[in-house]
Peer 1: 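This structure is in structure tokens; I'll ask about it shortly.
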Amino acid sequence: MTAGSASKVKSGSPRVWQRMLSGRRLDLLDPSPLDIEIADIAHGLARVARWNGQTAGAHAFSVAQHSLIVEEIVARTFPDPRWRLAALLHDGPEYVIGDMISPFKNVLGTDYRAVEHRLQAAIHLRFSLPARLPDEVAGAIKAADKVSAFFEATMLAGFSPKEAAGFFGRPKGEPVHPDRFAPHAAGEVDAAFLNRFNEIDAALRT
């Protein structure tokens, strides 16, 4: 437990921190970048199911696997490792708060989004990314997110192409190989996410 986290824990107060396997305690109301570890992010996202688990296959299609696809798409236009890292971590807060489906986010409203934004800002600070991404980069990540969502919806979640296009638009540009959407075991995706992070981190240091 860090000194910062210890100061926020008061006797009798509701617990607002999450214990990680690394031993860190991340405060959801005031997340410290010092309490964020990439191994915790990889572990968590590899075990958070997209689509509330309502997908075909022996394994859940995880947020980590989705994030790898989004990074792959963004890298085609923005090979700069900073923006590849931002794409890889675009759903980073979900390692703590899970992947709430969009309808439920709309029900929860601004309180949920405020927690999500605080966590994303802390993750960006931890990995030396700007709190606010350039508009063109943020737009590319959002577009890649929708491309992945379209294929996930049609290949895994039972949506018709017409229905998915209504929610996410029809994908444009170079297609993503269908094999990328075959759900893998959590341990495999955890390792793949960490490997991709390490590759990008090495590029950042050169």
Peer 1: Who are the side-chain contact (heavy atoms from CB on, under 4.5 Å) partners of Ile97, not counting sequence neighbours?
Peer 2: Pro93, Tyr112, Val115, Glu116, Leu119

Peer 1: Strictly by salt bridge (Lys or Arg N to Asp or Glu O under 4.0 Å), give each pair with a member in residues 176-189 just once, sequence neighbours left out.
Peer 2: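 Every salt bridge (Lys or Arg N to Asp or Glu O under 4.0 Å) pair that includes a residue of residues 176-189, provided the two are not neighbours, is Glu72-Arg180.
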
Peer 1: Do Ser148 and Val176 have side chains that approach each other closer than 4.5 Å (heavy atoms only, starting at C-beta)?
Peer 2: no

Peer 1: For Ser22, give me all partners under side chain to side chain donor-acceptor pair (under 3.5 Å), at least two apart in sequence or on another chain.
Peer 2: Asp40

Peer 1: Give a yes or no on whether Val96 and Leu129 share a hydrophobic cluster (residues Ile, Leu, Val, Met, Phe, Trp, Tyr; joining criterion: side-chain heavy atoms under 4.5 Å apart).
Peer 2: yes

Peer 1: Could you report the tightest heavy-atom contact between Pro31 and Ala122, atom names first, then the distance?
Peer 2: O-CB, 3.8 Å

Peer 1: Just jot down the side-chain contact (heavy atoms from CB on, under 4.5 Å) partners of Val48, sequence neighbours excluded, or say none.
Peer 2: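 Val48 satisfies side-chain contact (heavy atoms from CB on, under 4.5 Å) with Val63, Asp99 once adjacent residues are dropped.
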
Peer 1: Are the side chains of Leu45 and His66 in contact, using a 4.5 Å heavy-atom criterion?
Peer 2: no

Peer 1: Of the non-hydrogen atoms in Ala164 and Thr154, which two are nearest, and what is the gap between them?
Peer 2: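 Closest pair (atom of Ala164, atom of Thr154, distance): CB-CG2, 3.6 Å.
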
Peer 1: Identify, with sequence neighbours excluded, every residue that meets salt bridge (charged side-chain N to carboxylate O under 4.0 Å, His left out) alongside Asp190.
Peer 2: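 Scan of Asp190 (salt bridge (charged side-chain N to carboxylate O under 4.0 Å, His left out), adjacent residues dropped) gives Arg47.
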
Peer 1: Given side chains that start at C-beta, do those of Asp27 and Asp35 come closer than 4.5 Å, heavy atoms only?
Peer 2: no

Peer 1: Got a sec, which pairs hit salt bridge (Lys or Arg N to Asp or Glu O under 4.0 Å) with one end in residues 162-175, sequence neighbours left out?
Peer 2: Arg76-Glu174

Peer 1: Can you sort out the partners of Phe150 under ring-ring contact (aromatic ring centres under 6.0 Å, His included), two or more places apart, ordered by chain and number?
Peer 2: none

Peer 1: Would you call the rings of Phe159 and Phe167 parallel, tilted or perpendicular, taking 30° and 60° as the class edges?
Peer 2: perpendicular

Peer 1: Applying side chain to side chain donor-acceptor pair (under 3.5 Å), which residue pairs with at least one partner in residues 79-89 are found, sequence neighbours left out?
Peer 2: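 Output for this query lists Glu71-Arg84, Asp80-Arg82.
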
Peer 1: Looking only at heavy atoms, which two atoms of Ala203 and Pro81 are closest? And how far apart?
Peer 2: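 Scanning both residues, the minimum pair turns out to be CB-CB, 4.0 Å.
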
Peer 1: Restricting to pairs with a member in residues 128-143, which pass side chain to side chain donor-acceptor pair (under 3.5 Å), not counting sequence neighbours?
Peer 2: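 Every side chain to side chain donor-acceptor pair (under 3.5 Å) pair that includes a residue of residues 128-143, provided the two are not neighbours, is Arg132-Asp135.
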
Peer 1: With heavy-atom distances below 4.5 Å as the criterion, would you say the side chains of Phe127 and Leu85 are in contact?
Peer 2: yes

Peer 1: Taking it one step at a time, do Val147 and Ile69 satisfy side chain to side chain contact (heavy atoms under 4.5 Å, CB included)?
Peer 2: CA-CA 9 Å; Val147 169; Ile69 293 170; over 6 Å; no

Peer 1: Does anything in residues 197-206 pair up under side chain to side chain donor-acceptor pair (under 3.5 Å), and if so which pairs, sequence neighbours excluded?
Peer 2: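 For residues 197-206: Asp201-Arg205.
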
Peer 1: What residue pairs, at least two apart or across chains, pass salt bridge (Lys or Arg N to Asp or Glu O under 4.0 Å) with a residue in residues 143-160?
Peer 2: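 For residues 143-160, and leaving out neighbouring residues, the salt bridge (Lys or Arg N to Asp or Glu O under 4.0 Å) pairs sorted by first residue read Arg50-Glu152.
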
Peer 1: Residues two or more places apart in sequence or in another chain: which of them pass side-chain contact (heavy atoms from CB on, under 4.5 Å) with His117?
Peer 2: Arg113

Peer 1: Below 4.5 Å, heavy atoms only, C-beta onward: do Leu26 and Tyr95 meet side chain to side chain?
Peer 2: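 Yes. Closest side-chain heavy atoms under 4.5 Å.
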
Peer 1: Between Arg126 and Glu37, is there a side-chain heavy-atom distance shorter than 4.5 Å?
Peer 2: yes

